[in-house]
Amino acid sequence: QVQLVESGGGLVQAGGSLRLSCTTSGRTLSPYTMGWFRQAPGKEREFVASISWSGSTTEYGDAVKGRFTISRDNVKSMVSLVMNSLKPEDTGVYHCASDKLSYRLGITTKRSAFGSWGQGTQVTVSS
C-alpha cells in the first residue's frame, strides 16, 4: 500500500482559502488516480475531487465545483487541493486517497475504488 500524508489544514474564516497537500513516504503516486474526500462529524465520508494519473482529467463534487482545484506533481509525487471561497459547511477532516488500480483508463469518484488513505487533516471554517 501507499503511505499517504496530508498537510495544510487549519482554521480559516468564511471566504478564506487553504491549500492542502498530500505526499507519500512509500511508492510513487504517479501511476494512480488520486482523490480527496472529507468527513464532517456525524456524516459519511464525501467525495471532494479526483485527478487522473496523468493529470489530464479532474472531477469535483457538486458542493465544491468552481471553488476547489485539484492538481498533481508526479515528479514530486504530490497532490494538492486549493480551496477558495470557503464556507462553514466545508468543515471536516480531509483525506487523501490513491486508486487501487494503476494507470486507470479515465477517472473515478467512487470511494470504493480507492485503496490507500491518509490519516486526514482538519479544516475548520468559521462563520
Side-chain angles (χ1 to χ4, degrees):
Q1 281 191 336
V2 177
Q3 303 297 319
L4 302 172
V5 179
E6 303 95 338
S7 61
L11 174 64
V12 64
Q13 289 189 333
S17 299
L18 282 175
R19 182 186 184 100
L20 306 184
S21 295
C22 173
T23 58
T24 177
S25 60
R27 296 181 297 172
T28 177
L29 298 179
S30 59
Y32 303 100
T33 293
M34 298 297 298
W36 286 96
F37 291 76
R38 68 186 182 188
Q39 189 164 17
K43 294 187 177 181
E44 291 191 357
R45 196 165 292 189
E46 172 190 25
F47 170 73
V48 174
S50 60
I51 185 166
S52 61
W53 65 268
S54 65
S56 62
T57 305
T58 57
E59 288 286 351
Y60 297 92
D62 290 340
V64 307
K65 281 180 181 177
R67 299 187 297 122
F68 291 11
T69 302
I70 188 172
S71 62
R72 67 188 301 158
D73 185 333
N74 283 343
V75 174
K76 295 182 179 179
S77 204
M78 176 182 291
V79 179
S80 298
L81 183 70
V82 174
M83 306 185 295
N84 296 320
S85 302
L86 283 162
K87 305 175 181 180
E89 51 263 44
D90 293 319
T91 294
V93 178
Y94 283 69
H95 297 270
C96 176
S98 66
D99 198 340
K100 293 177 182 177
L101 300 179
S102 59
Y103 301 110
R104 177 184 292 272
L105 183 65
I107 196 169
T108 182
T109 64
K110 296 181 179 180
R111 189 173 64 181
S112 60
F114 293 87
S116 295
W117 296 81
Q119 291 297 310
T121 185
Q122 176 69 46
V123 171
T124 303
V125 184
S126 63
S127 57

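The main-chain N or O of Cys96 is found under 3.5 Å from a side-chain atom of Glu6 such that the two form a donor-acceptor pair. Under the 3.5 Å distance criterion, the side-chain polar atoms of Ser52 are left unmatched by any main-chain donor or acceptor of Gly106. Under a 3.5 Å cut-off, the side chain of Ser50 and the backbone N or O of Met34 do not form any donor-acceptor pair.
No single ILVMFWY cluster, assembled from side-chain heavy atoms under 4.5 Å apart, contains both Val93 and Val12.
Residues meeting the side chain to side chain donor-acceptor pair (under 3.5 Å) test with Ser17, sequence neighbours left out: Asn84. Partners of Lys110 under the side chain to side chain donor-acceptor pair (under 3.5 Å) rule, at least two apart in sequence or in another chain, do not exist in this structure. With sequence neighbours excluded, the residues forming a side chain to side chain contact (heavy atoms under 4.5 Å, CB included) with Ser85 are Arg67, listed by chain and number. Partners of Thr124 by side chain to side chain donor-acceptor pair (under 3.5 Å), not counting sequence neighbours, listed by chain and number: Gln122. Here Asp73 pairs with nothing under the side chain to side chain donor-acceptor pair (under 3.5 Å) rule; sequence neighbours left out. Remark: Ala40 pairs with Lys43 by the side chain to side chain contact (heavy atoms under 4.5 Å, CB included) rule, at least two apart or across chains. Gln39 is linked by a side chain to side chain contact (heavy atoms under 4.5 Å, CB included) to Arg45, counting only residues two or more places apart in sequence or in another chain. Here Phe37 pairs with Phe47, Phe114, Trp117 under the ring pair (Phe, Tyr, Trp, His ring centres under 6.0 Å) rule; sequence neighbours left out.
Side-chain atoms of Val123 and Arg38, non-hydrogen and from C-beta on, never get closer than 4.5 Å to each other. Considering only heavy atoms from C-beta on, Leu4 stays 4.5 Å or farther from Val79 through its side chain.
The heavy-atom pair separating Ala63 from Glu46 by the smallest distance is CB-OE2, 4.2 Å. In terms of heavy-atom proximity, Thr121 sits nearest to Gly8 at OG1-N, 4.2 Å. Pairing each heavy atom of Arg19 with each of Ser80, the nearest pair is NH2-OG, 3.5 Å.
The structure places CG of Asp99 at 4.0 Å from CZ of Arg104, a figure rounded to the nearest 0.5 Å. Taking OG1 of Thr58 as the reference point, atom NZ of Lys65 lies at 10.0 Å (rounded to 0.5 Å). Here the CZ atom belonging to Arg27 is positioned 8.5 Å from the OG atom belonging to Ser102, to the nearest 0.5 angstrom. The OG1 atom of Thr57 sits 11.5 Å away from the CD1 atom of Ile70 when rounded to the nearest 0.5 Å. Here the OG atom belonging to Ser30 is positioned 7.0 Å from the CZ atom belonging to Arg72, to the nearest 0.5 angstrom. Rounded to the nearest 0.5 Å, atoms CG (Leu29) and CD1 (Ile51) are 11.5 Å apart.
The list of ring pair (Phe, Tyr, Trp, His ring centres under 6.0 Å) pairs with a residue in residues 49-81, not counting sequence neighbours, reads Trp53-Tyr103. Residue pairs meeting the ring pair (Phe, Tyr, Trp, His ring centres under 6.0 Å) criterion with at least one member in residues 71-99, sequence neighbours excluded, do not occur. Pairs passing the ring pair (Phe, Tyr, Trp, His ring centres under 6.0 Å) check and including a residue from residues 14-36, sequence neighbours excluded, do not occur.
With respect to Asp90 and Lys87, no salt bridge is recorded, no charged nitrogen being found less than 4.0 Å from a carboxylate O.
With side-chain heavy atoms closer than 4.5 Å counting as contact, directly or through intermediates, Leu101 stands alone and belongs to no larger hydrophobic cluster.
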